Q: 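Here you go, one structure.
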Number of protein chains: 2
Amino acid sequence: MKPHIRVVLADDHPVVRDGLAAMVNQQADMEVVAEAGDGDEAIAVYERHRPDVLVLDLRMPKRDGVAVVQRVLEINPKACILVMTTYDGDEDIFQCLSQGAKGYLLKDAPRQEILSAIRAVSEARPYTSSSVAAKALQRMGKPSLTQRELDVLQLVAQGRSNKDIARRLSITEGTAKTHVKAILTKLDAISRTEAVAVAHKRGLIHL
Amino acid sequence: MKPHIRVVLADDHPVVRDGLAAMVNQQADMEVVAEAGDGDEAIAVYERHRPDVLVLDLRMPKRDGVAVVQRVLEINPKACILVMTTYDGDEDIFQCLSQGAKGYLLKDAPRQEILSAIRAVSEARPYTSSSVAAKALQRMGKPSLTQRELDVLQLVAQGRSNKDIARRLSITEGTAKTHVKAILTKLDAISRTEAVAVAHKRGLIHL
DNA sequence: CCCGCGCTCCCTCTTAAGATAGAGGCGAGG
DNA sequence: CCTCGCCTCTATCTTAAGAGGGAGCGCGGG
């Protein structure tokens, strides 16, 4: 018999935490040792309990999943983190995985998949749901936006004009146009509004 | 002692169903009698079990919350429905409530609030979380879009040009512009991209 | 050292978007 | 019957957006 897998849950929805806790605690080989409701708590709780697996919601208050993954791996480079989110197509997923998260899971996954993902990650084996793996392949080759372009995209998505964007970023309108043009090219869009639609679909922007 | 409150859960996430079920079944005065994973199932299960309360996720496959509320109230006009969703600012909420859903709740609500909402709704008392009530007041007075304008808005949000929109809706570009103009005015936006941002925030469009 | 890349700025030109000000048809409801 | 809201169409005008060029500067890696 293997020793228990000690699990920490981090999710801002009490309902989801309860659901995961119920599932996990029903298993003979694992148990929930602590829960957290936001990013900061997640880090604190991880440090205190040093669990075998950290199950982490990507979208959380205070500090989002990406930041938590980063910080936890600073604390313990061997940490086993399983990232969960509601949406596929979230760009942040890939950031998490490339930063060293061991697995990724959609919230609408069936019970069995969730449990086997936790078991896999607890043994430091990577786990990635097939739909995410497919997305990762799709994303391959496609050009990524620079930080500056993401800044501009954010403002474009808020409905700002080029002139307005220029003012806010302290650059000329011409430069703003240059960035927007680059965004349109990289996202393969004809207009800024279409670019926003594409960016939304790819999870490059939230809200 | 009151009789048991018989609850049916409808949500496409197994995790959320488990969480709610765990919470509900821990209470002495209520129990989960059935679950559903999509809209069609929700209707079928409601009809079969006739629960005291139907807890319903707004966003579901096959048939969304609004449609389910409509259908269930056709079957039983006295049905007690508690609508749940992840996001405040969902326009659909108001549709549900005005159609006769008894309560509305955010998924990030604490356990206690969820349970008291179920109890309230089970006695046909309306329950609306304060954040939603606030939104409802905000929305008051603000002009609503016509069906045609929503059609146009949908296409605008996909990044279509006026000409393209005109072609798809079999109207002239001038008419498309008229609709867009009306949308901009009603949403208090300067550009179409801003209109999309506002529409998104208000839950007038999804994706 | 030089190359590539990201960021910045500049120019011209065409087209799409948005502001403005009309008007007619049509259906629901007073 | 007449009004009102919605949808449709028209025309003109101004400005913002996007296409298509080119160019300099700093910085990190080969």
Side-chain angles (χ1 to χ4, degrees), chain A residues 91 94-95 98-99 139-202 204-205, chain B residues 91 94-95 98 139-200 202 204-205:
Chain A
E91 259 292 308
F94 304 112
Q95 264 186 277
S98 66
Q99 268 172 24
R139 211 192 55 132
M140 293 279 272
K142 284 186 183 170
S144 59
L145 301 196
T146 66
Q147 185 52 51
R148 199 54 162 173
E149 283 159 3
L150 287 174
D151 295 343
V152 173
L153 177 59
Q154 191 68 39
L155 293 168
V156 169
Q158 287 168 19
R160 309 290 177 188
S161 67
N162 289 332
K163 196 179 293 182
D164 201 352
I165 292 170
R167 238 182 293 118
R168 282 164 194 265
L169 297 182
S170 302
I171 56 180
T172 63
E173 185 181 348
T175 304
K177 279 193 174 188
T178 304
H179 288 311
V180 171
K181 208 187 321 176
I183 293 168
L184 295 182
T185 304
K186 288 185 178 178
L187 296 186
D188 195 29
I190 304 170
S191 69
R192 57 177 48 219
T193 313
E194 189 185 354
V196 171
V198 173
H200 226 118
K201 214 180 307 171
R202 294 208 196 155
L204 291 169
I205 47 176
Chain B
E91 259 293 306
F94 304 112
Q95 264 185 278
S98 67
R139 210 192 56 132
M140 293 276 273
K142 284 185 183 172
S144 60
L145 302 196
T146 66
Q147 185 52 53
R148 200 52 161 174
E149 283 159 3
L150 287 174
D151 295 343
V152 173
L153 177 59
Q154 191 68 39
L155 293 168
V156 169
Q158 286 168 20
R160 310 289 177 189
S161 68
N162 289 332
K163 196 179 293 183
D164 200 352
I165 292 169
R167 238 182 292 119
R168 283 165 193 265
L169 297 181
S170 302
I171 55 180
T172 63
E173 185 181 347
T175 304
K177 279 191 174 188
T178 304
H179 289 311
V180 170
K181 202 193 325 169
I183 293 169
L184 294 183
T185 304
K186 288 184 179 179
L187 295 186
D188 193 32
I190 304 171
S191 70
R192 56 177 49 219
T193 313
E194 188 186 352
V196 171
V198 172
H200 225 118
R202 294 208 195 156
L204 292 168
I205 46 176

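First the proteins, then the strands, lettered A, B, ... as listed; each starts at 1. Quick caveat: nothing in here was measured; it's all calculated off a predicted structure.
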Q: Contact class for Ser161(A) (heavy atom, under 4.0 Å): base, sugar-phosphate, or nothing?
A: sugar-phosphate

Q: Have a look at Thr175(A) and say if it touches a base, only the backbone sugar-phosphate, or nothing, with a 4.0 Å heavy-atom cut-off.
A: base

Q: Whole angstroms only, please: what is the NZ-P distance between Lys163(B) and dT15(C)?
A: 9 Å

Q: Calculate the interatomic distance between Arg167(B) atom CZ and dT8(D) atom P; express it in whole Å.
A: 17 Å

Q: Mapping Thr172(A) and Arg160(B) onto DNA chain C by nearest heavy atom, which one lands closer to the 5' end?
A: Thr172(A)

Q: State, to 0.1 Å, how close Thr193(A) and Thr193(B) come at their nearest heavy-atom pair, and which atoms those are.
A: OG1-OG1, 3.1 Å

Q: Using whole Å, report how far CZ of Arg192(B) lies from P of dA16(D).
A: 16 Å

Q: Roughly, in whole Å, what's the span from CG in Asp151(B) to C1' in dC6(D)?
A: 13 Å

Q: Just call it for Thr178(A): base, sugar-phosphate, or nothing, with non-hydrogen atoms closer than 4.0 Å on any strand.
A: base

Q: Are Ile165(A) and Val156(A) close enough that some pair of their side-chain heavy atoms sits under 4.5 Å apart?
A: yes

Q: Between dG18(C), dC7(C), dC6(D), which nucleotide has the shortest distance from any of its atoms to the side chain of Thr146(B)?
A: dC6(D)

Q: Looking at the side chain of His179(B), which of dG18(C), dC7(D), dT8(C) is the nearest nucleotide?
A: dC7(D)

Q: Is any side-chain nitrogen or oxygen of Asn162(A) closer than 4.0 Å to OP1 or OP2 of dA17(D)?
A: yes

Q: Just how far, in rounded Å, is P of dC7(C) from CG of Leu145(A)?
A: 10 Å

Q: I need the CD-C1' distance between Glu173(B) and dC9(D), as an integer number of Å.
A: 13 Å

Q: Confirm from the modelled atom types if Lys181(B) and dG18(C) form a donor-acceptor pair under 3.5 Å, side chain to base only.
A: no

Q: I'd like to check Glu173(A) versus Thr178(A) (side-chain heavy atoms, cut-off strictly below 4.5 Å). Are they in contact?
A: no

Q: Can you find a heavy atom in the side chain of Arg192(B) that is under 4.5 Å from one in the side chain of Asn162(B)?
A: yes

Q: Just to verify, which of Arg202(B), Arg139(B), Lys142(B) counts as forming a salt bridge (Lys or Arg N to Asp or Glu O under 4.0 Å) with Glu91(B)?
A: Arg139(B)

Q: Tell me what Gly174(A) touches on the nucleic acid: a base, only sugar-phosphate, or nothing, going by heavy atoms under 4.0 Å.
A: nothing

Q: Please pick, from dA19(C), dA17(D), dA19(D), the nucleotide with the shortest atom-to-atom distance to any side-chain atom of Lys177(A).
A: dA17(D)

Q: Check the distance between dG18(C)'s C1' and Ile183(B)'s CD1 and give it to me in whole angstrom.
A: 13 Å

Q: Ile171(B) has an atom CD1; how far is it from atom P of dC6(D), in whole Å?
A: 16 Å

Q: Can you tell me which nucleotide in dA19(C), dC7(C), dC7(D) comes closest to the side chain of Leu184(B)?
A: dA19(C)

